[in-house]
Undergrad: 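First the structure, which I've put down as structure tokens, then a few questions once you've had a look.
Every chain is numbered from 1 and lettered A, B, ... according to where its sequence line falls, protein lines coming before strand lines.
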There are 4 protein chains.
Amino acid sequence: MTYMHNDSTITGGRRPPGRPKDMAHLHRRREDILECATKLFASRGFRNTDLKSVADQLGVAKGTIYNYFDTKNDLFFACLAYGMQRMRASIDQETADATSTFQLLERGMHAYFAFFDANPDLVELLVQERAEFKTRETSTYFQHVEQRKARWVDLYETLRRDGIFRDIPGEKIFEFVNHQVYGALFANYFSGRKQSLQELTAPILDIFYRGVLSEKEQIQGT
Amino acid sequence: MTYMHNDSTITGGRRPPGRPKDMAHLHRRREDILECATKLFASRGFRNTDLKSVADQLGVAKGTIYNYFDTKNDLFFACLAYGMQRMRASIDQETADATSTFQLLERGMHAYFAFFDANPDLVELLVQERAEFKTRETSTYFQHVEQRKARWVDLYETLRRDGIFRDIPGEKIFEFVNHQVYGALFANYFSGRKQSLQELTAPILDIFYRGVLSEKEQIQGT
Amino acid sequence: MTYMHNDSTITGGRRPPGRPKDMAHLHRRREDILECATKLFASRGFRNTDLKSVADQLGVAKGTIYNYFDTKNDLFFACLAYGMQRMRASIDQETADATSTFQLLERGMHAYFAFFDANPDLVELLVQERAEFKTRETSTYFQHVEQRKARWVDLYETLRRDGIFRDIPGEKIFEFVNHQVYGALFANYFSGRKQSLQELTAPILDIFYRGVLSEKEQIQGT
Amino acid sequence: MTYMHNDSTITGGRRPPGRPKDMAHLHRRREDILECATKLFASRGFRNTDLKSVADQLGVAKGTIYNYFDTKNDLFFACLAYGMQRMRASIDQETADATSTFQLLERGMHAYFAFFDANPDLVELLVQERAEFKTRETSTYFQHVEQRKARWVDLYETLRRDGIFRDIPGEKIFEFVNHQVYGALFANYFSGRKQSLQELTAPILDIFYRGVLSEKEQIQGT
DNA sequence: AATGAATGAGTCTTCATTCAT
DNA sequence: AATGAATGAAGACTCATTCAT
């Protein structure tokens, strides 16, 4: 039974009773929580981060966090989604106005590395996700990869048809690039030294395009 | 009390009082625990695995585990070390009698992939390590990589001096291969589909050696 | 701040400054809250009902409830009082114009059962009260019983003096009836089957008046 | 994989390894917990009793309780079952060697009241059960009642056939007695005064057998 | 060496209540 | 008067570790 004696004729039906919601405030706070939690999840690990410490860090009560996220797990996945969304936005923006195929490839890889140079916490979150939530079908990250896959495979196939790429299936090439990029990302993360990823773009593309064998060897190898 | 190498040389080889220790039994049980714990840590995650379940799985009491390993952390790191040791042994054996540089490279990569095809649990352990023990300087895996690094870099430098590889620093090449291999490993793990890694060896080496650009393009690109 | 009788006599009947309070509205809303809370307390239990759900059900904010009742406990006791008051009114009305002693007894019992047939929630509230507020001296319900006791005992004593009832203390008879009625009420509640209580009046009074022994046995028993 | 190197041939397969279980101790402790928890649940209510206080009362750690009962709910239901089992045992014993129908009725009622005089906590538990666990089909107590019902109805029917009871369905009589007894129990509980229930047996049976009307009235009433 | 009962610190989560607007 | 975000105390439950037998 809903309360019905709300005499809306008085206000002409325009304004609801009570204090109006401050949407901006809610949105801002939600993001504050996401950013703070991301930082802590990343630096201490999901299981070693208790919500009390997130709240303390924010100068907020524990209960407040629960006003924005139902459970600790939910908060974690929201951090993940928030990070992934920013990643997508960042890469899309960087690659939007590429004028050539090669430029697209270079910008894509560069944008990817640049984003993670600036947001290493997201790598940590991806690792945490896999470590703690084993039951999940696919990781958030790979859902993203799958979504973008077709686009890249098409690109590679075009280059192959045009005789620019050798006769290698686009899918294989995609896999190769994907592994390279992914490996660089995680190797950097796992090795503990936080070097710049962006700088890898050029050397990676060099080998990717031309291989390591000298000209002489390539001819012999044929 | 952790199980350690019971240095019988201390007693000068004379038989100590009491029932003689059944070293084989102790050693065997230690490995049983390691194998069982590895499986559970890998499938459920470190934090989601309680020692009670390890003990139950072994048909042993919880206290028994503590006779072999001081803490849960110790057990985890012992699992990791046990896995890494087996990985090293496996790869070393496969690459021992390579007769050419190219064969060494191929066998090395193949041995690596073959090992993880057969022991996917170790990948999980490496991820768990990074997820839970953030304070550790370097991950167990990268300690291994660093140890072997010089050897490979030397190899690449030789090939470069001999004019077989292009004029790319051995270190860069090492990094490239390392990322590729590492990326393949974790991509496979994170994506959830358990495909064969071994099959990747050939296509990876193909691109690694010759790049993706067609002959025509390579010449133009010069 | 709890809603209370706004004693307008204090201001001498002169109109207070500001917008005049819409007493009817306040009163009506107060009853809405009581009715909604009663339903939820009854169906979920006091401790399993949070004020948020009461507010939601009413389509009102949580804070609004606190404008009418100081605490959750207060709200509960108000529900109880509201229910008891309605019970008393209902029974008093039904028994007001009884013309004979027997009719009074029958109508009393019938009115009692009829009320709880129509308002099973109140039984739940009485149980909740006892379950949660152990410190309270007597239960709300038994305060009521005690208030009415003298009246019934007097009645029974009269019947006894008049030789209509056997030589049993009025208090004993009262207790017997009370237990019977009370037992019927709670047995029905506890057993889970919601049968009609009203139908019990006739069979109960039959045994109450004449006992179960056959005429023959009664004589022998003497 | 279960641990299999347990060389049972050494011990001839007779004794399991490790400290043998002290069954008596476990059983005793379980009952200690049940008794202590029953007391606290009864005096403070289920929701107002935290397991820490049960543990403290027992001079035991909180975790210990969880070694014996999986959840707080489980502990509660175990208390309930424990109490009901003792009730059944007590009543069965008292009524076992009754030589006549009347004796059986009297002893049954007396045993019932005597048990609850000695174990008032069980009444509280029954109320708590109904208050907190609304979803449960039937209350533990009424499951018991239903089990015993047939026996009593048969008895009453026999007395009716033999002309000892009036022509009232056994079921009705059972219901009447049940309500009386149940009402006495809960009225006593709810009213707060802890009077003796046993003393009620005689007056209840008196009215139950012969009714309240005087001989004269009974004849007229016919 | 093996056992498993006991321990208790650590955390997530709930929800009555407050109060600025 | 109404609103609902913020608060923080309270409590159920987990599990690594200890230790007497």
Undergrad: Please find out if less than 6.0 Å separates the ring center of B:Phe133 from that of B:Phe77.
TA: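 Between B:Phe77 and B:Phe133, which both carry aromatic rings, the centre distance is below 6.0 Å.
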
Undergrad: Could you tell me whether the phosphate oxygens of F:dA6, OP1 or OP2, come under 4.0 Å of any side-chain nitrogen or oxygen in A:His25?
TA: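 Yes, because at least one side-chain N or O of A:His25 sits under 4.0 Å from OP1 or OP2 of F:dA6.
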
Undergrad: Please determine if a side-chain N or O atom of C:Arg47 lies less than 4.0 Å away from the OP1 or OP2 oxygen of E:dT14.
TA: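 So the side-chain polar atoms of C:Arg47 never come under 4.0 Å of the phosphate oxygens OP1 or OP2 of E:dT14.
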
Undergrad: Taking the six-membered ring of B:Phe41, is NZ or CZ of B:Lys72 closer than 6.0 Å to its centre and within 45° of its axis?
TA: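 Cation-pi check for B:Lys72 and B:Phe41: fails.
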
Undergrad: Return yes if a side-chain donor-acceptor contact under 3.5 Å exists between B:Glu124 and B:Ser43, otherwise no.
TA: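 B:Ser43 and B:Glu124 do not have a side-chain donor-acceptor pair below 3.5 Å.
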
Undergrad: Can you tell me if D:Lys52 touches the phosphate of F:dG11, counting only side-chain N or O atoms and a distance under 4.0 Å to OP1 or OP2?
TA: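 For D:Lys52, the contact criterion (side-chain N or O under 4.0 Å from OP1 or OP2 of F:dG11) is not met.
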
Undergrad: With a 3.5 angstrom cut-off on both distances, give the Watson-Crick or G-U wobble partner of E:dT13, or none if there isn't one.
TA: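 Answer to the pairing question: F:dA10, which forms a Watson-Crick or G-U pair with E:dT13.
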
Undergrad: Given E:dA6, F:dG11, F:dA1, identify the nucleotide with an atom nearest to the side chain of D:Asp50.
TA: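 The closest nucleotide is F:dG11.
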
Undergrad: Using heavy atoms to find the nearest nucleotide of DNA chain E for C:Thr49 and D:Arg29 separately, return the residue whose nucleotide is more 5′.
TA: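 With C:Thr49 and D:Arg29 compared, the 5'-side residue is D:Arg29.
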
Undergrad: Return whichever of B:Asn48 or D:Leu51 has its heavy-atom-nearest nucleotide of DNA chain F closer to the 5' end.
TA: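 Nearer the 5' end of the strand: D:Leu51.
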
Undergrad: Using a distance-only test with no angle check, is there a side-chain donor-acceptor pair under 3.5 angstrom linking B:Asn67 and B:Arg29?
TA: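 No, no side-chain donor-acceptor pair sits under 3.5 Å.
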
Undergrad: Find the distance between OG1 (B:Thr140) and CD (B:Glu129) and round it off to the nearest 0.5 Å.
TA: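 Reported to 0.5 Å precision, the distance equals 3.5 Å.
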
Undergrad: Counting only non-hydrogen atoms, which of residues 53-71 of chain A are less than 4.0 Å from DNA chain F?
TA: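 Per residue number, the list reads A:Val60, A:Ala61, A:Lys62, A:Gly63, A:Thr64, A:Asn67, A:Tyr68.
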
Undergrad: May I have the distance from D:Asp22 (atom CG) to E:dT3 (atom C1'), rounded to whole angstrom?
TA: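 It works out to 13 Å between those atoms.
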
Undergrad: For F:dA5, give its Watson-Crick or G-U wobble partner with both distances under 3.5 Å, or none.
TA: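 Pairing partner, where one exists within any strand: E:dT18.
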
Undergrad: Quick one, C:Asp121 with C:Leu125, criterion side chain to side chain contact (heavy atoms under 4.5 Å, CB included). Give me CA distance, side-chain angles, the key distance, then yes/no.
TA: CA-CA 6 Å; C:Asp121 286 347; C:Leu125 254 43; 5.6 Å; no

Undergrad: Mind calculating the distance between CZ (A:Arg30) and P (F:dA5) to the nearest angstrom?
TA: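 The distance from CZ of A:Arg30 to P of F:dA5 comes to 13 Å, rounded to the nearest Å.
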
Undergrad: Rounded to whole angstrom units, what separation is found between the CZ atom of C:Arg44 and the P atom of E:dC15?
TA: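 Result: 10 Å.
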
Undergrad: If I take atom CZ from residue C:Phe69 and atom CD1 from residue C:Ile65, how far apart are they, to the nearest 0.5 angstrom?
TA: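 It comes to 9.0 Å.
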
Undergrad: Rounded to the nearest Å, what distance is computed from the CG atom of residue A:Leu26 to the P atom of nucleotide F:dT3?
TA: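 To the nearest whole Å, that distance equals 16 Å.
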
